[in-house]
Amino acid sequence: MIGATGELGRAVASILAARDGGPGGVQVRAFVRRPLPAGSPPVDEVVTGDLHDRDSLREACADVTAMFLVSSPTQDQVELETNAIEAAEAAGVERIAKVSNIPIAGLESGLHGNHRAIERRLAASSCRSTILQPSFFSSVIDKQGDVVARGAVVLPTGSGKIAWIDPSDIAAVAADALVRSDLDGPLHLTGPDALDGDDVGARLGVKRIDLPLDKWRETVVASGLDPWLADSSVHLFEAVARGALAETTDTVERVLGRPPRRVFER
Ligand SMILES: NC(=O)c1ccc[n+]([C@@H]2O[C@H](COP(=O)([O-])OP(=O)(O)OC[C@H]3O[C@@H](n4cnc5c(N)ncnc54)[C@H](OP(=O)(O)O)[C@@H]3O)[C@@H](O)[C@H]2O)c1
């Protein structure tokens with residue numbers, strides 16, 4: 001499991017740990033570049049390494065059947081995830097479940113371009129793969145905890161709706177993709193409702209603020225966000241405002257046999 005210290009990685013590890021030893025139980029090896037924080041879900045084994053370090057990936061992939069692949073949205077994500085895919089291929093890993101995002105026409109560079117390039121690499125791989133293409137995680141609003149506590153939420157997306165998804169649903173689908181053989185290819189994952197910024201504010205019981213995108217970019221870069229990621233986000237928000245992430249799908253229900261969770265309900 002790559003990304004075991006991250007939000008989705010922890011959630012997937014937790015689901016697999018609950019199955020460990022029981023029917024469908026699996027042995028989990030975490031690949032981490034820093035120790036698992038206290039309170040992390042239990043795993044069977046830890047390999048310390050880095051996606052930059054191909055030797056550490058080779059060690060991590062030995063005798064592995066399935067790889068969970070998630071990494072941070074960085075400029076070098078294609079190189080890093082390709083290192084992981086090549087290590088998996090060399091070790092004879094059967095399947096890879098990769099966290100990607102929803103393709104949007106016209107977004108072929110930046111963060112979206114990176115995910116599309118990794119998806120193309122996986123399509124040409126000897127490993128079978130599931131491409132998890134989730135909408136916005138509802139947990140991104142948690143990063144605005146202080147703002148929400150003061151009665152507001154910032155969503156610079158105009159009247160565009162987003163089919164927000166609870167990350168625990170993404171993790172549940174990923175955990176299934178690692179042990180099932182019927183989930184090859186892209187899975188467009190959404191929550192049950194498409195909500196615009198005002199709807200989100202109403203569910204949270206706070207005022208929604210819709211900043212102009214140049215002002216939003218200036219603010220987040222000043223607080224430390226990588227300008228490359230800020231630019232990718234600006235292009236994404238422009239697409240959201242045009243309705244690019246408003247579609248809901250039945251994929252979560254089809255895979256898990258239950259509807260996706262409702263989001264932003266307090
Ligand atoms: N947030 C959304 O709404 C959304 C929507 C659609 C798709 N996505 C996609 O979801 C993915 C996860 O994003 P996130 O920011 O939420 O991730 P995250 O929870 O921060 O997890 C990223 C994981 O990757 C690990 N990692 C990063 N670089 C590494 C390296 N060089 N070597 C080893 N491990 C490395 C991190 O380890 P450390 O703990 O050591 O940093 C962490 O465990 C991204 O690809 C993003 O594009 C996000």
Side-chain angles (χ1 to χ4, degrees), residues 1-14 28-38 40-41 43 46-57 59-61 67-85 87 96-104 107 109-119 122 131-144 155 157 162-171 173-174 186-191 195 200 220 225-226 228-230 232-233 235-237 239-240 244-245 249 251 263-264:
M1 168 168 302
I2 292 170
T5 51
E7 179 180 26
L8 290 179
R10 282 196 311 273
V12 174
S14 174
V28 176
R29 179 184 296 158
F31 176 77
V32 292
R33 55 181 175 176
R34 60 187 173 97
L36 287 170
S40 296
V43 296
V46 175
V47 169
T48 303
D50 194 293
L51 289 165
H52 288 102
D53 176 357
R54 295 160 69 95
D55 289 340
S56 67
L57 281 163
E59 183 193 344
C61 288
M67 172 188 282
F68 175 68
L69 177 57
V70 65
S71 70
S72 306
T74 55
Q75 232 170 323
D76 59 359
Q77 192 168 15
V78 179
E79 179 195 333
L80 297 187
E81 294 197 12
T82 301
N83 285 345
I85 294 164
I96 298 175
K98 173 201 160 31
V99 178
S100 189
N101 63 9
I102 297 176
I104 296 177
L107 294 194
S109 62
L111 175 60
H112 275 68
N114 280 354
H115 280 309
R116 301 292 79 76
I118 300 162
E119 289 177 359
L122 274 175
I131 310 292
L132 304 155
Q133 295 179 329
S135 185
F136 265 85
F137 305 178
S138 55
S139 54
V140 299
I141 298 297
D142 297 345
K143 294 182 183 137
Q144 296 192 37
L155 283 166
T157 43
I162 296 175
W164 299 88
I165 183 166
D166 186 318
S168 67
D169 284 339
I170 308 168
V173 172
L187 295 178
H188 181 160
L189 302 175
T190 76
L195 306 174
V200 174
V220 295
L225 189 70
D226 177 349
W228 172 86
L229 186 54
S232 289
S233 304
H235 294 136
L236 175 57
F237 290 150
V240 167
L245 291 186
T249 66
T251 314
V263 295
F264 306 126

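Just so you know, ligand 1 is whichever comes first in the structure, and atom 1 is the first atom listed for that ligand.
In terms of protein heavy-atom proximity, atom 24 (O) of ligand 1 is closest to Ser71 CA, 3.5 Å. Protein heavy atom closest to atom 7 (C) of ligand 1, with residue, atom name and distance, is Ser100 O, 3.1 Å. Of all protein heavy atoms, the one lying nearest to atom 45 (O) of ligand 1 is Gln77 NE2, 2.9 Å. The protein non-hydrogen atom at the shortest distance from atom 35 (C) of ligand 1 is Arg33 NE, 3.7 Å. Among protein heavy atoms, atom 18 (P) of ligand 1 sits closest to Gly6 CA, 4.0 Å. Atom 31 (N) of ligand 1 has Asp50 OD1, 3.0 Å as its closest protein atom, hydrogens excluded (heavy atom only). When only non-hydrogen protein atoms are considered, atom 3 (O) of ligand 1 lies nearest to Phe137 N, 2.9 Å. The protein heavy atom nearest to atom 27 (C) of ligand 1 is Ser72 OG, 3.2 Å.
Of all heavy-atom pairs between Ala60 and Phe31, the closest is CB-CD1, 3.5 Å. Residues Phe68 and Ala174 approach most closely at CE1-CB, 3.7 Å, considering heavy atoms. Shown here for Ile102 and Pro134, the closest heavy-atom pair between the two residues is CG1-O, 3.6 Å. Shown here for Gly3 and Val70, the closest heavy-atom pair between the two residues is CA-CG1, 3.8 Å. Nearest approach of Val263 to Ile165, heavy atoms of both residues: CG1-C, 4.1 Å.
Rounded to the nearest 0.5 angstrom, Leu57 CG and Arg54 CZ are separated by 8.5 Å. Remark: Ser100 OG to His188 NE2 distance equals 11.5 Å, nearest 0.5 Å.
Residue contacts with ligand 1 do not include Pro167, since none of its heavy atoms lies under 4.0 Å from the ligand. Distances from ligand 1 to the non-hydrogen atoms of Gly9 include no value under 4.0 Å.
Atoms of ligand 1 lying under 4.0 Å from at least one heavy atom of Thr5, given by number and element, are 36 (C), 37 (O), 38 (P), 39 (O), 40 (O), 42 (C), 43 (O). In the vicinity of Phe136, heavy-atom distances shorter than 4.0 Å reach the ligand 1 atoms 3 (O). Interface atoms of ligand 1 facing His115, defined by a heavy-atom separation under 4.0 Å, are 45 (O), 46 (C), 47 (O). Every atom of ligand 1 with a heavy atom of Glu7 under 4.0 Å away is listed here by number and element: 19 (O). Using a 4.0 Å cut-off to heavy atoms of Val99, the atoms of ligand 1 that qualify are 10 (O). Those atoms of ligand 1 that come under 4.0 Å of a heavy atom in Asn101, given as number and element, are 6 (C), 7 (C). Shown in contact with Gly3 at under 4.0 Å from a heavy atom are these atoms of ligand 1, numbered in order with element: 23 (C), 24 (O), 43 (O). Every atom of ligand 1 with a heavy atom of Ser135 under 4.0 Å away is listed here by number and element: 5 (C), 6 (C).
A donor-acceptor contact shorter than 3.5 Å links the side chain of Ser135 to the backbone of Ala163.
Ring planes of Phe264 and Trp164: perpendicular class, angle over 60° (limits at 30 and 60°).
Between Asn101 and the choices Arg116, Gln133, Glu119, the side-chain hydrogen bond (donor to acceptor under 3.5 Å, both in side chains) rule is met once, by Arg116.
Counting heavy atoms closer than 4.0 Å to ligand 1, residue Ser139 contributes nothing at all. Contacts of Val140 with ligand 1, taken as heavy-atom pairs under 4.0 Å, involve the side chain alone. When non-hydrogen atoms are compared, ligand 1 lies under 4.0 Å from the side chain of Leu111 (C-beta onward) but not from its backbone.
For atom 39 (O) of ligand 1, the nearest protein heavy atom lies under 4.0 Å away.
For ligand 1, the polar-atom distance check against Pro73 finds no nitrogen or oxygen pair separated by under 3.5 Å.
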